[in-house]
Amino acid sequence: MWCPKCKSEYRDGITVCPTCKALLENKLPVEVDSSPAEEKARIYNHIDGRENLQALSDGNNAYVEKSTKYDDMKSTAYSFLLVGAGGILFLALALAGVIPLQFAAYMKGLMGIVMGGMFLIFLIIGLRSYLQLGSLKEQVLTEQREMEAAKKWFYDNYSAKAIDVTLDINESDAVQKKYFQRSSFMKHQLESQFPDYEDSFLDFLTELFYEDLFPQDE
């Protein structure tokens with residue numbers, strides 16, 4: 001199998017080029033040079049380490065776990081509710097004279113309007129955030145189910161050794177090359193089995209499984 005873009009040759013069973021993501025073809029056009037070693041070397045030489053490879057693949061669409069979003073939303077909800085409710089209570093006590101403030105009457109009124117409005121906004125933000133926790137909790141549970149399903153299927157069908165044998169990877173190959181080939185293969189298999197999963201989630205799962213299967217590359 002050949003890649004029509006980078007002109008790399010791959011063994012049967014691989015359908016997507018790990019380097020440029022193009023669909024492989026059975027043969028190259030006659031006029032195309034089928035010796036891509038120099039071009040591939042140039043690509044790998046411009047990439048320094050696996051961290052940069054991950055940065056290139058992540059781009060600006062890095063996946064954020066639903067559990068992290070839930071924790072952030074929960075923290076926001078309780079923080080704004082506490083500040084909003086506490087601030088309104090303080091103003092109520094101050095305007096009632098329970099908490100003495102040495103301000104002129106018009107200053108107390110102005111402070112009550114300005115700060116009261118601010119604390120009310122905090123309270124509204126806190127309430128809206130709190131109301132979103134229910135739907136986020138459902139998303140967390142759905143994410144956990146999808147992650148467990150993907151993990152069980154993948155580990156039932158693939159191992160580190162099986163992946164390297166399929167891709168004909170040698171230990172002497174550069175880390176960059178191995179990472180590209182393995183991660184592209186892994187994501188393609190997950191994508192084929194779970195086509196409804198969003199792309200960023202598949203990237204997240206691929207990286208998660210990669211770190212588990214190939215800890216020596218860390």
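- With hydrogens and angles disregarded, a donor-acceptor distance shorter than 3.5 Å links the side chain of Ser135 to the backbone of Gln132.
- Nearest heavy-atom pair, Leu213 versus Ala160, reported as atom, atom and distance to 0.1 Å: O-CB, 3.6 Å.
- For the pair Phe194 and Trp153, the minimum side-chain heavy-atom distance is below 4.5 Å.
- Taking every heavy atom of both residues into account, Phe122 and Gly84 meet most closely at CB-CA, 3.9 Å.
- Using a 4.0 Å cut-off between charged nitrogen and carboxylate oxygen, Lys187 and Asp199 count as a salt-bridge pair.
- Atom-to-atom distance recorded for Ile88:CD1 and Met118:CE is 10.0 Å, nearest 0.5 angstrom.
- Side chains of Leu202 and Glu198 form no contact here, defined as non-hydrogen atoms less than 4.5 Å apart.
- You'll find the side chain of Glu191 stays beyond 4.5 Å of the side chain of Pro195, heavy atoms only.
- Nearest approach of Gln139 to Lys66, heavy atoms of both residues: OE1-CE, 3.3 Å.
- Between Leu190 atom CG and His188 atom NE2 the span is 10.5 Å, to the nearest 0.5 Å.
- Scanning all heavy atoms of the two residues, the minimum distance from Leu205 to Ala150 falls at CD1-CB, 3.8 Å.
- Side-chain contact check for Ile163 versus Ser159: every heavy-atom pair is 4.5 Å or farther apart.
- For the pair Phe80/Tyr130, no side-chain contact is recorded, criterion being any heavy-atom separation below 4.5 Å from C-beta on.
- Not one N or O on the side chain of Ser75 forms a donor-acceptor pair closer than 3.5 Å with the backbone of Asp71.
- Proximity of a side-chain donor or acceptor of Thr68 to a complementary backbone N or O of Val64 within less than 3.5 Å is not detected.
- Contact annotation: the side chain of Asp164 never approaches that of Lys161 to less than 4.5 Å [non-hydrogen atoms, C-beta and beyond].
- Atoms CD and CG, on Glu207 and Asp212 in that order, are 11.5 Å from each other to the nearest 0.5 Å.
- Between Tyr179 and Tyr210, the distance from one ring center to the other falls under 6.0 angstrom.
- Taking CZ of Arg182 as the start and OG1 of Thr166 as the end, the distance is 12.0 Å to the nearest 0.5 Å.
- A side-chain donor-acceptor contact under 3.5 Å links Asp173 to the backbone of Asn170.
- Here the two rings, on Tyr158 and Phe209, have centers that are 6.0 Å apart or farther.
- Geometric assessment of Lys137 against the ring of Tyr70 yields a positive cation-pi assignment under the 6.0 Å and 45° thresholds.
- Side-chain atoms of Tyr155 and Lys151, non-hydrogen and from C-beta on, do get closer than 4.5 Å to each other.
- Using a 4.5 Å cut-off on side-chain heavy atoms (C-beta onward), Val83 and Phe119 make contact.
- The CD atom of Glu143 sits 4.5 Å away from the CE atom of Met147 when rounded to the nearest 0.5 Å.
- How far CG of Leu136 is from CG of Leu141: 11.0 Å, rounded to the nearest 0.5 Å.
- Residues Ile121 and Tyr78 share a single hydrophobic cluster, defined by chaining ILVMFWY side chains whose heavy atoms lie under 4.5 Å apart.
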Discussion item. Between Phe204 and Glu65, does the side chain to side chain contact (heavy atoms under 4.5 Å, CB included) criterion hold? Intermediate values first, please.
Written reply: CA-CA 9 Å; Phe204 170 76; Glu65 293 181 73; 3.5 Å; yes
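- Counting non-hydrogen atoms of other residues, nucleotides and ligands closer than 6.0 Å to OH of Tyr197 gives a total above 12.
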